[in-house]
Amino acid sequence: MYKRLTGMQDILPEDQPYWRFVQEKINQVTALYGFQRLDVPILEEAALYVRSVGPGTDIVDKEMYTFTDKGEDEVTLRPEFTAGFMRAYVENHLDKRPQPAKLFSVGPIFRYERPQAGRFRQHTQFNVEALGVEDPAMDFEVMSLAWHFFSLLGFHGLHFQLNSTGCPNCRPRYVEKLKAHYQLHYDQICDNCKRRLVRSPLRVLDCKEDRCQPVIASAPRITDYLCDDCKQHFGQLTHYLDAAQMAYTVNHRLVRGLDYYRKTVFEVWVEGIGAQAAVCGGGRYDGLAQEIGGPPTPGIGFGSGLERVIMAMKAQGVAVPGLPRPQVLLAYLGATAKEKAVPLAVDLRLHDIGVILPFGNRSLKSQMRQANREQVHFVVILGENELAKGVAQVKDLQVHEQFDVPLEDLSAWLSGKLAM
RNA sequence: GUGGCCAUAGCUCAAUCCGGUUAGAGCACCUGGUUGUGGCCCAGGAGGUUGUGGGUUCAAGUCCCAUUGGCCACCCCA
């Protein structure tokens with residue numbers, strides 16, 4: 001038998017109410033903030049992601065699903081949304097429309113990683129991007145949208161992790177300070193951090209090794225080295241967050257993996273879904289458009305992994321409404337009744353009455369058991385006796401009463417009862 | 001890519017340590033208990049080449065090796 005590929009998953013019917021619910025909240029919150037949907041292809045030129053995400057990042061170096069297609073083109077299954085958004089923004093001249101462009105999307109992304117709790121090779125992301133505006137009020141609006149989204153989903157005790165990673169003007173100066181600090185304590189840090197120091201120095205701040213903790217604690221903080229522009233931007237953003245009473249922690253250790261982030265970076269963490277606790281992560285990427293050959297365009301956005309979101313909802317006991325089910329089961333007894341029942345089921349559905357028709361000529365008892373299992377409200381019983389009289393018996397399973405209803409009145413009768 | 005744990009019915013698990021008839025239970029499913037009436041209850045039924053391959057042994061679900069898959073953690077990320 002064939003099996004799912006590693007890190008891929010099926011979404012079974014019993015999980016669909018969660019997905020439906022989350023999609024509804026996405027539609028609701030994006031409409032509220034005036035964000036419009038933009039869908040981009042799942043497949044793009046490999047070079048787009050290499051340029052935007054950055055050579056040297058794990059995503060590019062070892063996690064992309066890249067292959068050569070039949071036309072000899074190097075293509076990549078999208079490992080994130082932002083690059084494709086920027087490409088589409090420039091290619092479709094959205095930069096010529098009134099700014100900002102406030103956009104969102106929902107769809108699968110792919111990364112070749114080892115699966116673990118809350119991590120899959122294919123996962124679904126809700127992605128939000130606001131392009132064309134540098135104003136920290138835009139950062140706030142995007143974060144606010146994320147906050148609002150999780151509130152609508154039923155989460156409590158929300159809390160942002162927040163930091164600024166500076167910009168090309170001030171970050172290099174900080175990185176030098178950081179490296180100098182680490183050189184002083186070089187014999188105390190783990191091997192991994194020695195490597196990170198060369199490849200992506202900021203990441204040492206994120207190390208979980210016990211031996212590295214004292215070095216991290218005494219390390220210089222980037223917020224102390226921001227240039228005036230970055231400092232002011234960060235100050236404005238925190239001012240807006242304070243005013244809106246959205247809880248946040250300035251986390252000096254929060255450094256996100258993608259090269260393109262500038263200034264604002266933030267995450268939302270939840271408990272109860274394992275080590276991969278971030279259900280939302282994003283930041284500002286003002287240099288990205290130029291990087292891929294477009295006009296200078298500031299941008300701020302986030303991605304939220306919906307599998308993790310749904311895991312967190314389950315962990316926190318968030319209830320979601322069930323999907324609508326038929327409220328009528330049409331039971332029949334014998335071949336003649338079945339001849340009548342099959343088209344009758346269709347007729348009732350044309351009257352907007354959901355009907356389950358049992359299959360396999362089973363006993364009435366068996367059909368009643370099915371009705372109970374399916375939790376229908378009414379069972380319509382059609383047998384020889386009823387046909388002779390031109391009626392159906394209708395049993396109300398909730399009040400345990402049974403009525404004779406003339407066949408020509410059946411749809412109206414049921415509609416009336418179901419509307420109550 | 002690295003490390004740890006695990007693999008028995010559709011699901012959750014027992015029998016594995018210390019090898020020994022026909023691998024069990026609960027839930028779910030099907031049938032019956034009413035000529036044609038659900039939920040509870042009762043009776044019965046179906047469902048397994050014990051992940052796969054090899055080895056040791058008179059004998060392997062059980063011991064050994066390999067392999068595949070899963071889970072969890074690291075790396076990194078949503």
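Numbered from 1 within each chain, the chains take letters A, B, ... in sequence-line order.
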Checklist entry - Looking at B:C76, does its base get a donor-acceptor pair with the side chain of A:Arg114 below 3.5 Å? => result no
Next on the checklist: Rounding to an integer number of angstrom, what distance separates B:U8 and B:G19 when you compare their P atoms?
Outcome noted: 23 Å
Checklist entry - Any side-chain heavy atom of A:Lys177 sitting closer than 4.5 Å to one from A:Ile222? => result no
Checklist entry - When the C1' atoms of B:U21 and B:C58 are considered, how many whole Å apart are they? => result 15 Å
Checklist entry - With a 4.0 Å cut-off on heavy atoms, is A:Ala371 in touch with a base, just the backbone sugar-phosphate, or nothing at all? => result nothing
Item to check | Aromatic A:Phe378 / basic A:Lys417 pairing, under 6.0 angstrom, 45° off normal | outcome: no
Checklist entry - For B:C74, does OP1 or OP2 lie under 4.0 Å from any side-chain N or O of A:Gln276? => result yes
Item to check | Side-chain heavy-atom pair A:Leu226, A:Tyr174 within 4.5 angstrom cut-off | outcome: no
Checklist entry - Applying the side chain to side chain contact (heavy atoms under 4.5 Å, CB included) test to A:Ile353, which of A:Leu410, A:Leu348, A:Val380 qualifies? => result A:Leu348
Checklist entry - Looking at A:Tyr112, is A:Arg121 sitting on its ring face, NZ or CZ under 6.0 Å from the six-membered ring centre and within 45 degrees of the normal? => result yes
Checklist entry - Can you check whether A:Gln116 has a side-chain N or O nearer than 4.0 Å to OP1 or OP2 of B:C74? => result yes
Item to check | For atom NZ of A:Lys208 and atom C1' of B:C74, their distance in whole Å | outcome: 8 Å
Checklist entry - Can you list, by residue number, the residues of residues 11-43 of chain A that have a non-hydrogen atom closer than 4.0 angstrom to RNA chain B? => result none
Between protein and nucleotides 43-45 of chain B, what N or O pairs are separated by less than 3.5 Å?
none

Checklist entry - Taking the side chain as C-beta and beyond, is there a heavy-atom pair between A:Glu209 and A:Asn192 under 4.5 Å? => result no
Checklist entry - Within this structure, what is the CZ-to-C1' distance between A:Phe110 and B:C77, rounded to whole angstrom? => result 16 Å
Next on the checklist: Can you check the distance between B:C63 and B:C17, where both ends of the measurement are the C1' atom (answer in whole Å)?
Outcome noted: 11 Å
Checklist entry - For A:Ile273 and B:A78, what is the distance between atoms CD1 and C1' respectively, to the nearest whole Å? => result 9 Å
Next on the checklist: Please determine whether side-chain contact (heavy atoms from CB on, under 4.5 Å) holds for the pair A:Leu382 and A:Lys340, giving the CA-CA distance in whole Å, both sets of side-chain angles, and the decisive distance to 0.1 Å.
Outcome noted: CA-CA 8 Å; A:Leu382 216 53; A:Lys340 191 81 182 169; 4.0 Å; yes
Checklist entry - What distance, rounded to whole Å, do you find between the two C1' atoms, one in B:G24 and one in B:A15? => result 8 Å
Item to check | Separation of atom CG in A:Asn192 from atom C1' in B:C76, rounded to whole Å | outcome: 10 Å
Next on the checklist: As a test of the definition: with a 90° window around 0 for syn, would you call B:G39 syn or anti?
Outcome noted: syn
Checklist entry - Base, sugar-phosphate, or nothing: which does A:Ile381 touch, judged by heavy atoms less than 4.0 Å apart? => result base
Checklist entry - Quantified in whole Å, what is the P atom distance between nucleotide B:G53 and nucleotide B:U62? => result 13 Å
Item to check | For atom OH of A:Tyr112 and atom C1' of B:A78, their distance in whole Å | outcome: 20 Å
Next on the checklist: Suppose we call two aromatic rings close when their centres sit under 6.0 Å apart. Are A:Phe126 and A:Phe149 close by that rule?
Outcome noted: yes
Checklist entry - Rounded to the Å, how far apart are A:Gln9 CD and B:C71 C1'? => result 13 Å
Checklist outcome for this item: Paired with A:Leu205, the side chain to side chain contact (heavy atoms under 4.5 Å, CB included) test is passed by just one of A:Leu254, A:Val215, A:Leu178, namely A:Leu178
Item to check | Pairwise C1' distance for B:A28 and B:G69, with rounding to whole Å | outcome: 25 Å
Next on the checklist: Need one value for A:Phe120: base, sugar-phosphate or nothing, where a base atom within 4.0 Å counts as base even if backbone is also close, heavy atoms only.
Outcome noted: base
Checklist entry - Of A:Leu5 and A:Leu364, whose nearest nucleotide on RNA chain B comes first from the 5' end? => result A:Leu364
Checklist entry - Mind pulling the stems RNA chain B is in, i.e. runs of at least three Watson-Crick or G-U pairs, everything under 3.5 Å? => result B:1-7 with B:68-74, B:10-13 with B:24-27, B:29-33 with B:41-45, B:51-55 with B:63-67
Checklist outcome for this item: Nucleotide by nucleotide, nucleotides 26-32 of chain B touches protein heavy atoms under 4.0 Å in the pattern (B base, S sugar-phosphate only, - none) ---SSSB
Next on the checklist: Just the rounded figure in Å: distance from C1' of B:A78 to CG of A:Asp58.
Outcome noted: 15 Å
Checklist outcome for this item: Sorted by chain and residue number, the salt bridge (Lys or Arg N to Asp or Glu O under 4.0 Å) partners of A:Asp61 (sequence neighbours excluded) come out as A:Arg199
Checklist entry - With sugar-phosphate meaning primed atoms plus P, OP1 and OP2, does A:Gly274 contact a base, only sugar-phosphate, or nothing at under 4.0 Å between heavy atoms? => result sugar-phosphate
Checklist entry - Going by the angle between their ring planes, with limits at 30° and 60°, are A:Phe160 and A:Trp147 parallel, tilted or perpendicular? => result tilted
Checklist entry - Are a donor atom and an acceptor atom from the side chains of A:His252 and A:Asn163 found within less than 3.5 Å of each other? => result no
Next on the checklist: We want to know whether A:Glu44 and A:Thr76 form a side-chain donor-acceptor pair, criterion being a heavy-atom distance below 3.5 angstrom.
Outcome noted: no
Checklist entry - Any Lys/Arg nitrogen of A:Asp206 or A:Arg203 sitting under 4.0 Å from an Asp/Glu carboxylate oxygen of the other? => result yes
Next on the checklist: So if I take residues 382-417 of chain A and measure heavy-atom distances to RNA chain B, which residues fall below 4.0 Å?
Outcome noted: A:Glu384, A:Asn385, A:Glu386, A:Gln393, A:Lys395, A:Leu397, A:His400, A:Gln402
Checklist outcome for this item: Contacts of A:Lys3 and A:Cys280 projected onto RNA chain B by closest heavy atom; the upstream (5') one is A:Lys3
Checklist entry - In terms of ring plane angle, is the pair A:Phe81 and A:Phe85 parallel, tilted or perpendicular, where the classes change at 30° and 60°? => result perpendicular
Next on the checklist: Quiz question: going by heavy-atom distance under 3.5 Å, is there a donor-acceptor pair between the base of B:G69 and the side chain of A:Arg4?
Outcome noted: no
Checklist entry - Within the structure, does a side-chain N or O atom of A:Arg203 lie under 4.0 Å from either OP1 or OP2 of B:C77? => result yes
Checklist entry - Taking atom P in both B:C5 and B:G10, what distance in whole Å separates the two? => result 28 Å
Next on the checklist: For the C1' atoms, the ones on B:G61 and on B:C76, what distance do you get once it is rounded to whole angstrom?
Outcome noted: 39 Å
Item to check | Distance in angstrom units between A:Asn372 CG and B:G38 P, rounded | outcome: 9 Å
Next on the checklist: So A:Arg196, base contact, sugar-phosphate only, or nothing? Heavy-atom distance under 4.0 Å.
Outcome noted: sugar-phosphate
